[in-house]
Amino acid sequence: MVYRGVSLKEMSIVFIGFMGVGKTTIGKAVAKKLYRDFIDIDAEIEKEYGMPTSQIFNKIGEKAFREKEKSVITDLCKKKMKVISLGGGAFLQEEIKQVCLENCLVIFLDLSWENWKERISLIIDSRPVLKGKSLKEIEELFYKRQEIYADHHSVVSTDNQDVEDIAEYIVESLKLAWELYGEK
């Protein structure tokens, strides 16, 4: 199957989901299994600015970060054979959502609130969007973002699963899809 001049097997894979669900960890594992380059969008932006996302938000502002995010994602989504991890808020921008859905295979990594809540202490300091928020406010943000992630090509539940098992499931699912469309 060819879509926009790119075969299904050549399409880049984009991981979306709430911050801290494992997009980077799972994305790296999938990229390794598929022999593809892995790109973490936040890490790319941090590299360009020479500072962590939290400092970018503080010094340059969220608006500038979101503009850079849109530019980087738009460029990368037009490349073949990549595995890309988006920041948790990237899909808030309609243009990003559309370029991803039109040019890549978008996989939503879903994690229940109960399981995500257990990770909060590991990620809260590095996520500027969570700074100063109560647990109730974070929960509201979590569920509001779930609506944004509803636009995808595939969803994978990550509750109580090992990274390697999730990555293997994704790779096997992709191989099955490629076979179905005659792209071994």
Side-chain angles (χ1 to χ4, degrees), residues 12-31 38-49 51-58 60-77 82-101 103-159 161 163 166-167 170:
S12 287
I13 299 161
V14 170
F15 286 103
I16 64 168
F18 199 64
M19 58 195 97
V21 300
K23 297 179 298 288
T24 297
T25 306
I26 293 165
K28 284 179 181 175
V30 168
F38 173 77
I39 300 156
D40 179 291
I41 296 299
D42 287 350
E44 289 295 305
I45 295 170
E46 288 173 349
K47 227 187 310 184
E48 193 167 321
Y49 282 108
M51 63 181 93
T53 302
S54 56
Q55 282 185 4
I56 297 169
F57 267 59
N58 288 338
I60 302 166
E62 184 176 1
K63 187 174 192 275
F65 177 87
R66 297 295 178 203
E67 283 301 313
K68 175 57 71 178
E69 181 179 56
K70 182 170 52 176
S71 168
V72 171
I73 292 169
T74 300
D75 289 344
L76 286 171
C77 282
K82 306 288 182 206
V83 175
I84 304 166
S85 168
L86 299 191
F91 246 47
L92 290 167
Q93 295 187 62
E94 192 60 34
E95 290 175 58
I96 290 176
K97 186 188 295 189
Q98 290 312 312
V99 78
C100 290
L101 290 168
N103 296 287
C104 303
L105 177 61
V106 178
I107 300 174
F108 168 40
L109 296 179
D110 194 16
L111 183 67
S112 70
W113 168 250
E114 291 306 313
N115 281 305
W116 184 87
K117 206 167 46 169
E118 294 172 14
R119 301 177 183 194
I120 196 166
S121 63
L122 303 172
I123 66 165
I124 194 146
D125 291 335
S126 63
R127 312 301 163 131
V129 174
L130 300 181
K131 291 267 196 258
K133 287 194 172 25
S134 69
L135 189 60
K136 184 71 181 153
E137 289 171 317
I138 294 171
E139 183 179 12
E140 288 170 9
L141 180 64
F142 178 89
Y143 284 112
K144 186 175 182 172
R145 292 264 181 100
Q146 297 301 338
E147 297 167 17
I148 293 156
Y149 306 135
D151 290 327
H152 56 264
H153 297 111
S154 181
V155 62
V156 176
S157 175
T158 61
D159 277 354
Q161 292 193 54
V163 170
I166 296 165
I170 291 169

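Note: hydrogens, waters and symmetry copies are ignored here, and every other heavy atom, side chains too, is used.
Asp151 and Lys97 get closest at one heavy-atom pair: OD2-NZ, 3.2 Å. The nearest pair of heavy atoms linking Val72 to Glu44 is CG1-CB, 4.5 Å. Heavy atoms only, all atoms of each residue included: Thr158 and Val21 are closest at OG1-O, 4.2 Å. For the pair Glu69 and Ala90, the tightest heavy-atom approach, listed with the atom from each and the gap, is OE2-CB, 3.5 Å. Pairing each heavy atom of Ala64 with each of Tyr49, the nearest pair is O-OH, 4.3 Å. Here the closest heavy-atom approach between residue Val163 and residue Ala29 is recorded as CG1-CB, 4.2 Å.
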Evaluate the side chain to side chain contact (heavy atoms under 4.5 Å, CB included) criterion for residues Lys136 and Glu139: first the C-alpha distance (whole Å), next the side-chain angles of each, then the deciding distance (0.1 Å), finally the verdict. CA-CA 5 Å; Lys136 184 71 181 153; Glu139 183 179 12; 4.0 Å; yes
Ring pair (Phe, Tyr, Trp, His ring centres under 6.0 Å) between Phe57 and Phe65, worked out: CA-CA 7 Å; Phe57 267 59; Phe65 177 87; 5.2 Å; yes
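Atom CZ of residue Phe15 and atom OG1 of residue Thr25 lie 11.0 Å apart, to the nearest 0.5 angstrom. Here the CD1 atom belonging to Ile73 is positioned 8.0 Å from the CD1 atom belonging to Ile84, to the nearest 0.5 angstrom. We find the SG-NZ distance between Cys77 and Lys82 to be 12.0 Å, quoted to the nearest 0.5 Å. Once rounded to the nearest 0.5 Å, the distance linking CZ of Arg145 with CG of Leu92 reads 4.5 Å. Remark: Ser85 OG to Ile16 CD1 distance equals 11.0 Å, nearest 0.5 Å. Note that CG of Asp42 and CE of Met19 are 10.0 Å apart. Values are rounded to the nearest 0.5 Å.
Residues passing the ring pair (Phe, Tyr, Trp, His ring centres under 6.0 Å) test with Phe91, sequence neighbours excluded: none. Residues meeting the salt bridge (charged side-chain N to carboxylate O under 4.0 Å, His left out) test with Lys28, sequence neighbours left out: none.
Side-chain contact check for Tyr149 versus Leu109: every heavy-atom pair is 4.5 Å or farther apart. Inter-residue side-chain proximity for Phe18 and Ile148 is flagged as unmet; no heavy-atom pair is nearer than 4.5 Å. You'll find the side chain of Val99 stays beyond 4.5 Å of the side chain of Val14, heavy atoms only. Using a 4.5 Å heavy-atom cutoff, the side chains of Val156 and Asp110 are not in contact.
Exactly one residue among Asp40, Ile39, Ile41 makes a side-chain contact (heavy atoms from CB on, under 4.5 Å) with Leu86. That residue is Ile41.
Under the 4.0 Å criterion applied to side-chain N and carboxylate O atoms, Glu62 and Arg66 are assigned as salt-bridge partners.
Aromatic ring orientation, His152 versus Phe108: tilted (interplanar angle from 30° to 60°).
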